[in-house]
Amino acid sequence: MTTAQPLDVQPTPLALLLLGREADPRSERGVECPGDLPAPSDPDLVARARAAKEKLGDKVFVLGHHYQRDEVIEFADVTGDSFKLARDAAARPDAEYIVFCGVHFMAESADILTTEAQQVVLPDLAAGCSMADMATAEQVAECWEVLTEAGVAEATVPVSYMNSSADIKAFTGKHGGTICTSSNAKRALEWAFQQGQKVLFLPDQHLGRNTAVRDMGMSLEDCVVYNPHKPNGGLTPEQLRAATMILWRGHCSVHGRFSLDSVNDVRERIPGVNVLVHPECKHEVVAAADYVGSTEYIIKALEAAPAGSKWAIGTELNLVRRLANRFADQGKEIVFLDKTVCFCSTMNRIDLPHLVWALESLVAGKVVNRIQVDQETEHFAKLALERMLALP
């Protein structure tokens with residue numbers, strides 16, 4: 001009988017990253033958050049946040065994404081989706097500090113669009129985006145080589161969703177492409193097809209597919225999915241040559257969970273319900289829904305909805321719950337599309353203790369968790385963003 005020897009197993013960089021024991025500022029998966037945070041149980045957190053914000057005055061501008069917790073939204077000067085918030089920050093050049101209550105790629109976009117004198121702060125560096133992290137600069141460069149070898153790169157225009165890292169936006173700008181949001185994806189694709197014959201859509205396959213098929217009349221056969229974890233993306237040169245839309249194999253972990261069963265179930269439970277979903281949902285969910293649109297579209301649709309109407313919303317739970325509370329006195333019944341509660345886990349990392357810590361640090365003259373995009377990346381990413389801004 002032999003004695004078992006201890007395994008010489010070393011934790012992977014990703015494991016250390018998720019444990020908060022290593023840092024990777026170029027990753028959306030999260031990096032460690034230095035500093036001593038106030039205790040979540042501190043009864044004075046709200047008062048501390050108010051006091052710090054008041055002391056900073058016009059020097060600070062707090063942005064709150066729609067998916068943030070209510071406790072954070074309370075202190076936001078403006079709320080909105082990722083691109084609206086980045087533009088709001090750019091429209092406030094006198095604000096020395098931009099505190100972005102969102103996720104990493106959003107803060108990067110704000111840094112790209114604001115002046116050099118402004119400093120962008122992300123209260124928790126571990127607030128990343130799983131979708132954005134599904135496309136790395138190295139993977140996309142390899143994809144472009146595959147397209148080049150297949151003889152289609154020159155005819156392909158990259159279109160990248162706003163929910164992507166600065167590196168991917170820079171790749172897009174460098175290769176003549178544009179950025180899009182869930183609101184203007186159709187316009188961005190129409191522009192791209194005026195420049196070339198094919199589109200490489202990054203990193204959300206569902207938004208790309210839904211826009212191409214639902215909004216532009218293409219077929220599912222016009223789309224292929226490039227899987228960065230397979231040789232040549234899992235596609236043959238013939239498939240790449242035949243495709244019109246080359247979709248990156250990425251998705252939103254929240255919107256991707258909604259299923260056709262979710263739609264069928266809510267229709268059975270709530271007769272007469274209107275199903276309203278985000279275009280990041282799977283194609284079969286979008287096809288079965290009554291209405292499809294961005295977070296801003298969802299908010300406006302519910303604002304315009306008649307009293308007493310019933311709605312099942314397929315998007316992040318913080319927003320759905322906030323809307324349900326907002327319109328309850330109008331008799332509008334608003335429910336989450338799926339039976340299982342699902343917050344965006346990384347977006348929810350921004351909480352009141354992190355916000356208080358960031359604001360009080362600024363009061364003390366210390367800029368924490370500053371998000372800075374290097375000059376070359378910023379240059380090409382800004383090119384792609386400016387092309388989007390120039391869309392008719």
Side-chain angles (χ1 to χ4, degrees), residues 13 17 22-31 63 82-83 85-87 89-93 95-98 100 102-122 125 127-129 131-148 153-154 156-181 188 191-192 195-196 199-204 226 228 246 248 250 367-391:
L17 199 61
E22 293 292 340
D24 180 4
R26 299 187 78 83
S27 172
E28 286 288 338
R29 291 188 184 275
V31 291
L63 308 174
S82 58
F83 185 62
L85 293 177
R87 284 199 301 182
R92 290 290 294 267
E96 187 175 342
Y97 307 117
I98 305 295
F100 208 125
V103 294
H104 193 268
F105 78 80
M106 300 178 187
E108 284 185 327
S109 297
D111 183 58
I112 291 167
L113 292 174
T114 51
T115 68
E116 290 185 11
Q118 294 175 288
Q119 301 181 75
V120 178
V121 170
L122 185 65
L125 291 179
C129 172
M131 180 203 295
D133 210 34
M134 290 177 188
T136 67
E138 293 77 13
Q139 289 172 331
V140 176
E142 183 178 334
C143 171
W144 201 252
E145 289 180 8
V146 171
L147 299 185
T148 301
E154 288 188 2
T156 302
V157 179
V159 175
S160 292
Y161 190 21
M162 193 72 182
N163 299 27
S164 58
S165 69
D167 285 337
I168 301 308
K169 290 183 177 72
F171 168 89
T172 305
K174 192 178 293 187
H175 290 83
T178 187
I179 307 302
C180 75
T181 68
W191 174 87
Q195 320 304 314
V199 164
L200 171 63
F201 195 90
L202 299 150
D204 180 22
Y226 182 94
I246 303 167
W248 191 265
V367 179
V368 295
N369 290 3
R370 185 180 178 188
I371 302 300
Q372 285 183 283
V373 178
D374 67 83
Q375 287 188 349
E376 182 179 1
T377 301
E378 177 178 314
H379 170 74
F380 287 107
K382 198 167 186 177
L383 275 181
L385 287 166
E386 287 173 344
R387 289 187 187 116
M388 180 180 73
L389 290 171
L391 290 175

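Residue numbers count from 1 along this sequence.
With values rounded to the nearest 0.5 angstrom, F100 atom CZ is found 10.5 Å from T114 atom OG1. Between the CG atom of L200 and the CG atom of L147 there is a distance of 6.0 Å, given to the nearest 0.5 Å. In this structure, OG in S109 is found 12.0 Å from NZ in K382, a value given to the nearest 0.5 Å. A distance of 5.0 Å separates CD1 of I179 from OG of S164, quoted to the nearest 0.5 Å. From T181, atom OG1 reaches atom CG of N163 across 9.5 Å, with rounding to the nearest 0.5 Å. To the nearest 0.5 Å, the span separating SG on C129 from CE on M134 amounts to 8.0 Å.
Between I168 and S160, the closest heavy-atom pair is CG2-OG, 3.6 Å. A153 approaches T148 most closely through the heavy-atom pair CB-OG1, 3.4 Å. For F171 against P158, the heavy-atom pair with the smallest separation is CE2-CB, 4.2 Å. Nearest heavy-atom pair, T377 versus A170, reported as atom, atom and distance to 0.1 Å: O-CB, 3.6 Å. Considering every non-hydrogen atom in both G176 and V157, the closest pair reads O-CG1, 3.9 Å. What you find for L122 and A127 is that their closest heavy atoms are CD2-O, 3.9 Å.
E108 contributes no side-chain N or O that, together with a main-chain N or O of I371, makes up a donor-acceptor pair within less than 3.5 Å. W248 places no side-chain N or O within donor-acceptor distance of the main-chain N or O of V140, the cut-off being under 3.5 Å. Of the possible polar contacts, none joining the E142 side chain to the P228 backbone as a donor-acceptor pair under 3.5 Å is found. Judged purely by atom type and a 3.5 angstrom limit, K169 uses its side chain to pair as donor or acceptor with the backbone of M162. In terms of modelled atom types and a separation under 3.5 Å, the side chain of D111 and the main chain of V120 share no donor-acceptor contact.
Looking at K174 and E376, their side chains come closer than 4.5 Å, going by heavy atoms from C-beta outward. With a 4.5 Å cut-off on side-chain heavy atoms, D167 and T136 do not count as touching.
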